[in-house]
Amino acid sequence: MKVTCQRDGLLTACQLVSAAVAARTTKPILSNIKAIAEGDGLSLVAYDTEVGIRYELRGILVGRPGSAILPITQLTQILRESADSDISLDADDNGTKVKAGTSRYEMPGYPADEFPDIPAFDDGGRYHEVTAGVLRSMIRRTAFAADKKDSTRFALSGVLWEAEGKTARLVATDSKRLAVCEGPATLYGPPEATKGSHLVPAKTMTLLERNLTDDGELVRVGLRPNEAMFQTERAMIYTRLVEGRYPPYRDIIGQTRKQATVKVPVPVDAFLSRVRQAAIMTDDESKRVDMTFEPGKVVMQARGAETGSSEVELPLPEYDGPEVKIAFDPQYLIEFLRALESEPTVSLEMSDGGKPALFRCGDGYMYLVMPLAG
Amino acid sequence: MPRIHQLPPSVVTKIAAGEVIERPASVVKELLENSVDAGATRIDVDLDQGGTELIRVVDDGCGISADDLALAFAQHATSKLHTADDLFNIGTMGFRGEALASIAGVAKVALQSRPPDQPVGAEVRGDGGDLSPVRPWNGSPGTRVEVRHLFYNVPVRKKFLKSVATELGHVCETVTKMALANPQLHIVLRHNGKLVYEVPASAGLTDRIALFFTGGVRDALYEIDSGPGPLRLTGYIADPKIDRGNARLQYLFVNGRWVRDRSLAHALQESYRGLLMTGRYAIGFLFLTVPPDKVDVNVHPTKAEVRFQENSLVYSLVRATVKGRLMKENLVPQMKVPEGEEVQSQGTSSVDVPGLFSPRRDLAEQTVAPWEMPADAFGRAGGMNPPNEQSAGSLGRAGGVSPPSELSHPVPRLPELGGLTPPARPDALGGFTPFSRPDALGGLTPPARPDVLSPFTSFQPSIQERLPFATPKPTPGAEPEASPVPLPVQSEADTTPPPHHPTTPPVQPFPLPSPGTALQVHDSYLVLETKDGMLVIDQHALHERILFEQLRRRIRDGKLEVQRLLIPEPVDLPAEQAALVLEAADALRELGLEVSDFGGNTVLLSSYPTLLGRKPPHEIFQGVVDYLLTKERPPTRDAMLHDLTATMACKAAVKAGDRLTPEEIAYLLHLRQMAEDSHHCPHGRPTSLLFSRHELDKQFRRI
């Protein structure tokens with residue numbers, strides 16, 4: 001294949017697909033990407049056998065159609081270092097030649113057929129559509145809560161994806177906190193016959209989020225028993241799903257809401273800044289901020305054996321309920337409050353220091369945190 | 001004067017029962033063995049209240065004919081043995097004819113049986129030794145034994161029974177052993193009407209292991225087989241990566257009988273040497289086939305031990321088979337530890353210097369202490385001093401000989417070095433051939449760096465000064481920890497000779513110099529003069545110890561912070577461990593681990609201490625369970641946090657290779673005086689070594 005294209009466009013494409021390039025693999029070909037040139041387009045394919053992406057660039061000058069394997073690390077570096085606006089690639093099974101301005105590069109090649117292909121988007125008659133802006137905010141509000149540690153419950157490392165009625169819902173938990181976010185969606189095709197849960201790996205979520213650039217664009221999502229596909233305007237992302245049983249999150253939320261006795265409206269930015277101030281005095285041994293909610297204010301206290309202690313106060317003029325003492329790992333609060341982006345207030349529902357606290361933001365977003373005891 | 005008289009039978013059975021029947025699990029064991037001997041293919045075990053109220057064992061074996069039924073309860077009545085010679089050729093599980101008699105002596109027993117070829121069966125009931133007449137019984141073929149109210153007539157024994165959970169645990173263990181030993185057996189265990197285990201006949205050994213000890217264990221198993229022969233070892237061993245904190249998962253079966261054998265357990269553990277951390281135990285399921293006339297099973301009341309005629313043969317078979325299998329896996333690249341009788345493996349390192357060492361030395365070389373990593377030492381020595389690679393390597397290994405031989409060995413030979421080459425290592429002189437032993441040549445080449453030697457064997461501050469003094473006497477404080485602390489291997493060209501300064505009066509056992517007088521060598525060790533010698537301190541180990549103590553004090557005083565889980569984590573455990581954990585639930589809550597019953601063998605973990613948050617909760621929990629199993633009580637907070645604290649301290653401490661300013665050195669030495677135990681780091685390595693003045697004088701032939 002032989003193509004000439006704009007450098008910055010190709011660089012963006014390379015950076016987007018590189019998240020799906022295998023970092024450590026026994027199959028060396030998978031640490032490259034596959035490029036296919038036909039018509040006026042160039043598709044880049046990266047696939048680490050768990051997550052794959054096919055990204056299409058339009059408006060390319062194709063000199064000779066065909067496909068080739070490109071070494072992504074070097075290609076990205078060339079694109080980044082070069083100052084020329086156009087770049088041309090001439091690649092086949094034997095190698096890749098890159099020409100950028102007066103610079104020439106030659107890299108060895110692989111047989112293009114050996115690169116495993118990812119399937120084309122196939123809605124199978126059942127899929128749903130979400131706008132990119134909504135989807136991005138849903139991902140940002142949930143994915144951080146998925147389990148990143150090596151847990152026995154593998155299912156928790158994924159994000160649960162559900163679609164029913166007119167909503168799509170993402171759920172993530174690491175068993176210490178739980179985030180649920182809903183957004184409007186349009187469903188097509190018959191409802192699912194079997195109630196299987198679709199657990200999307202966290203890595204796929206990151207890749208998907210990066211591919212959501214244009215807020216208005218519609219993203220098509222197809223969920224299947226063991227795999228899922230996402231089609232944006234330019235990219236098709238394919239992923240295997242995480243296997244396992246997801247915990248009954250609805251029950252947990254339902255129970256928390258039933259138990260909740262107090263409801264505190266909290267200003268997001270001020271609360272975030274106070275939590276971070278209080279958390280300065282936590283240390284490796286003690287990651288704990290004690291909060292005392294009382295009429296008109298909340299007082300936060302932290303103490304580290306070596307670091308010292310802090311006491312931070314936030315006025316809550318709207319709160320006139322009973323005194324509640326509760327302690328949190330500040331990290332769990334900070335991650336959540338950051339994900340809220342531009343929301344002005346969030347409502348905090350809780351009962352006492354031994355039961356989970358529920359943050360609610362509008363109708364669509366809920367975040368539960370288990371307090372610290374002892 | 002008391003008169004001698006014959007004891008009545010009821011007393012005799014109680015005495016016998018005292019030996020054989022200790023708790024419900026012993027009853028289950030005896031009854032299961034009878035069923036297996038009867039050729040049963042399916043056995044159902046039902047318990048009530050851990051077996052204290054009811055034990056019912058039903059099998060489909062060959063049954064007992066009505067005429068023999070009453071006889072079965074008589075002492076020393078058996079169908080499994082005829083003459084005394086049979087005792088030395090036993091193919092059945094039981095043979096003494098004691099079990100039923102003993103059980104009947106301490107419980108209410110109903111024995112119902114029908115041989116398959118008989119139209120009806122018969123039953124007989126026993127009540128503390130008194131037998132009812134034999135009556136017809138219309139059950140299905142096989143034997144059914146019901147034992148009710150165990151120890152009802154021995155209140156003392158009954159008092160010694162533990163809680164239901166503990167007794168159930170022991171029964172589970174018995175059933176586990178039986179199910180592992182007889183893979184063709186369908187075995188069902190119910191407790192209070194609830195199913196505990198159901199092991200179908202179709203479940204092979206690996207499936208059974210998965211059932212009893214979780215799939216994680218099964219997936220890491222390697223099959224072993226010593227090959228056909230009269231003496232044969234088969235079974236499975238597990239990859240060292242899934243070790244345990246106790247030896248509970250080491251099962252040994254001899255001719256289908258579970259036994260305990262310290263020597264074979266040692267053989268298994270030895271095979272894993274170098275692959276497991278100290279205090280960790282391998283997992284193994286070993287099945288030994290020994291000709292019946294080569295093993296005596298009649299040495300223990302409950303037959304939990306056997307005696308082998310050729311014990312050492314069995315030992316080396318186990319060791320060689322397990323070790324050979326592990327070698328095949330190439331688990332650790334540097335695993336070429338030459339040990340014990342494997343003579344050929346040590347030839348590789350000393351190939352260039354044949355005949356240099358006396359046979360005694362060879363022997364010492366082969367005995368490598370468990371903590372030694374010769375391959376590592378070899379590589380480092382080689383990199384530092386290429387021409388001496390071979391000899392340095394073998395020296396390195398010599399340095400690792402187990403403490404007693406190392407310490408005693410060179411000393412008697414000191415005189416014979418005489419005026420030859422005082423600085424050379426005394427034990428390098430076995431056969432003195434200058435060109436193959438450059439290090440013995442003194443001035444010609446820089447002395448072969450005994451960097452890799454145990455610090456006891458040699459210490460050398462700088463090349464220019466060339467002050468190697470060999471083999472100081474170990475000081476009392478340092479002796480128990482003879483683990484080698486390799487000196488660093490970078491070039492010491494810029495190091496100046498140690499300026500020795502006067503010191504303060506001695507404080508026992510390690511006299512401390514006034515602060516600020518230590519010299520840092522290789523950016524790793526602090527050398528300071530003391531009144532009667534010279535002290536070498538490992539800066540990392542010392543700092544680690546000091547930080548460890550500070551941390552521990554803080555944690556001990558503070559409140560234990562607990563993170564509760566929104567979604568409790570289910571943890572699968574073997575039945576007896578689950579019972580134990582639930583029993584200790586209150587104590588575990590004190591440690592921040594909240595557990596509750598989830599049914600079956602699963603417990604729910606719903607909180608963990610945040611301090612240990614770097615580890616996944618189930619790992620913390622497994623560690624505590626292991627402790628619980630060996631110590632029969634939960635660990636104290638200190639014990640649980642010890643490891644973590646040690647790791648935190650290790651990460652925060654200055655490292656070998658960090659250059660310290662004189663002020664830092666002075667402060668570190670100041671802190672050393674305040675430490676509770678400044679002699680060993682939390683992992684047990686020594687922080688400092690003393691080279692006594694006397695020893696220095698001796699090495700330089702001053703005395």
Side-chain angles (χ1 to χ4, degrees), chain A residues 145 147-157 171-180 244-253 255-256 282-290 302-307 326-332 353-358 367-374, chain B residues 214-216 242 547-573 588-594 598 602-622 637 641 644-645 647-652:
Chain A
D147 200 353
K148 287 159 213 88
K149 278 221 183 89
D150 142 64
S151 159
T152 43
R153 282 176 293 174
F154 201 54
L156 299 191
S157 69
V171 186
T173 180
D174 63 359
S175 85
K176 280 147 307 221
R177 63 320 198 4
L178 178 132
V180 183
R245 274 172 44 127
Y246 210 73
Y249 71 93
R250 284 167 214 263
D251 300 351
I252 298 166
I253 295 177
Q255 209 178 356
T256 310
T282 58
D283 61 14
D284 269 5
E285 295 140 54
S286 170
K287 292 198 184 72
R288 174 189 180 111
V289 172
D290 285 284
R303 175 183 296 275
E306 256 189 345
T307 40
I326 193 164
F328 294 107
D329 184 331
Q331 200 52 37
Y332 295 158
K355 305 233 168 57
L358 172 68
Y367 183 74
L368 259 84
V369 206
M370 202 66 185
L372 292 168
Chain B
T214 72
I242 54 154
L547 289 180
F548 171 76
E549 286 186 8
Q550 290 175 349
L551 267 172
R552 195 177 55 178
R553 225 169 291 137
R554 279 213 300 272
I555 290 174
R556 199 192 282 153
D557 298 344
K559 276 207 298 187
L560 196 64
E561 221 165 77
V562 175
Q563 170 72 61
R564 304 193 54 221
L565 295 179
L566 202 51
I567 305 148
E569 184 158 348
V571 182
D572 288 329
L573 292 170
L588 291 177
R589 188 172 307 119
E590 296 275 297
L591 297 175
L593 291 164
E594 261 177 65
F598 193 57
T602 308
V603 297
L604 276 183
L605 180 66
S606 50
S607 74
Y608 67 90
T610 42
L611 255 180
L612 300 177
R614 299 145 203 262
K615 282 190 195 166
H618 63 99
E619 253 178 50
I620 305 170
F621 187 60
Q622 189 61 50
R637 259 174 66 173
L641 298 175
L644 171 93
T645 326
T647 314
M648 282 166 75
C650 184
K651 292 223 174 86

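Chain A is the first sequence line, chain B the second, and so forth, proteins listed ahead of strands; every chain is numbered from 1. Computed from heavy atoms alone, side chains included, the values below leave out hydrogens, waters and symmetry copies.
- Of all the heavy atoms in A/Gly354 and A/Pro371, the pair that sits closest is C-CG, 4.1 Å.
- For A/Tyr249, the side chain to side chain donor-acceptor pair (under 3.5 Å) partners at least two apart in sequence or on another chain are A/Glu162, A/Arg169.
- The shortest distance between side-chain heavy atoms of A/Tyr367 and A/Val180 does not fall below 4.5 Å.
- If you measure heavy-atom distances from A/Thr256 to chain B, you find no contacts under 4.5 Å at all.
- Per-residue heavy-atom pair counts under 4.5 Å with chain B were compared for A/Lys176, A/Arg303, A/Lys355, and the maximum is reached by A/Lys176.
- For B/Asp572, the side chain to side chain donor-acceptor pair (under 3.5 Å) partners are B/Thr602, not counting sequence neighbours.
- Taking chain B as the reference chain and counting heavy-atom pairs below 4.5 Å, the highest number among A/Val369, A/Leu368, A/Asp174 is found for A/Leu368.
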